[in-house]
Amino acid sequence: MSKGLATDANILLAAVFGSRTQSILDMFPGAAHLCAPAVCFEEARRNAVRVGRKKRFTGAEIKVAFDSLTRIIEPVAMHDLAPFEQVARPRIERRDASDWPLVALALATGYPIWTEDRDFFGCGIATWTTDRVAIYLQQP
């Protein structure tokens, strides 16, 4: 499969708690290879504790949701992204230097980024937001 999306932490979090993102994943199973840096999963899990409390999710429910999500969106280890760090950092450092792994993943795979974070706009990589990502997933 040559089509894919490098997925941001905010999309992972939305897939766990948001119906719109989950419905997109359900509508287009296997339409693209979805992946995210392992650190994005870690960030989403940290934020899930806070969000889960507000939405009255138990820790066990959150764990099950993330376990299920890793079957749909592949976590990519940091050591696989390290060779792209030097190229990725300058593209994002003025906005949020900690986002370099997602830029590195997009560079490594040639995939656009699926995010709700405007920090990626202008980094030289196509970005898709949730309200438009179905267009990308429908393309042959």
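Here the CE-CD distance, from M27 to Q22, works out to 11.0 Å after rounding to the nearest 0.5 Å. One distance of note links CD of E74 with CZ of F41; it measures 9.0 Å at 0.5 Å rounding. For the atom pair CD1 (I73) and OG1 (T7), the distance works out to 4.5 Å, reported to the nearest 0.5 Å. Atom CD of residue E43 and atom OG of residue S98 lie 6.5 Å apart, to the nearest 0.5 angstrom. Atom CG of L102 is separated from atom CD1 of I125 by 8.0 Å, given to the nearest 0.5 angstrom. Here the CD atom belonging to E61 is positioned 12.5 Å from the CZ atom belonging to R56, to the nearest 0.5 angstrom.
When side chains are defined from C-beta on, W100 does not count as touching E93, because their heavy atoms never get closer than 4.5 Å. The closest side-chain heavy-atom distance from T21 to W114 is below 4.5 Å. A 4.5 Å side-chain heavy-atom check between T129 and F121 finds at least one atom pair inside the cut-off. Put simply, the side chain of F120 reaches to within 4.5 Å of the side chain of D8, judged on heavy atoms. L107 is listed as a side-chain neighbour of R91, based on a closest heavy-atom distance under 4.5 Å. Residues I62 and V51 fail the side-chain proximity criterion, which asks for heavy atoms closer than 4.5 Å.
Applying the side chain to side chain donor-acceptor pair (under 3.5 Å) criterion to T127, with sequence neighbours excluded, gives no partner residue.
In plain terms, the two heavy atoms of D67 and R45 that are nearest each other are OD1-NH2, 4.5 Å. Taking both residues in full, the closest heavy atoms of R20 and T130 are given as NE-CG2, 3.7 Å, listed atom of the first, atom of the second, then distance. In terms of heavy-atom proximity, A88 sits nearest to A104 at CB-N, 3.6 Å. Nearest heavy atoms, G4 versus P112: O-CD, 3.3 Å. A9 approaches A44 most closely through the heavy-atom pair O-CB, 3.8 Å. Smallest separation of non-hydrogen atoms from D80 and V76: CB-CG1, 4.0 Å.
Follow the hydrophobic side-chain contacts under 4.5 Å out from V39 and you never reach F66; the two are in separate clusters. Linking Ile, Leu, Val, Met, Phe, Trp and Tyr residues whenever their side-chain heavy atoms come within less than 4.5 Å places I72 and L137 in a single cluster. Hydrophobic clustering of Ile, Leu, Val, Met, Phe, Trp and Tyr side chains at less than 4.5 Å, counting indirect connections, unites L12 with F28. When the side chains of ILVMFWY residues are joined at heavy-atom separations under 4.5 Å, either directly or via intervening members, V64 and L69 end up in two distinct hydrophobic clusters. Note: the hydrophobic cluster containing L13 does not contain V49 (ILVMFWY, side chain heavy atoms under 4.5 Å, direct or indirect links).
Without hydrogens or angle criteria, N10 side chain to E116 main chain gives a donor-acceptor distance under 3.5 Å.
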Steps toward side chain to side chain contact (heavy atoms under 4.5 Å, CB included) verdict (Y111, L105): CA-CA 8 Å; Y111 295 166; L105 178 59; 6.0 Å; no
Check against side chain to side chain contact (heavy atoms under 4.5 Å, CB included), L34 and L25: CA-CA 10 Å; L34 303 176; L25 294 173; 3.5 Å; yes
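Within a 6.0 Å radius of CZ in R132, other residues, nucleotides and ligands contribute 12 heavy atoms or fewer. Counted within 6.0 Å of CD on Q138, heavy atoms from surrounding residues, nucleotides or ligands total more than 12; the atom is thus considered enclosed.
Under the 30°/60° scheme for interplanar angles, the aromatic rings of Y136 and W128 are found to be tilted.
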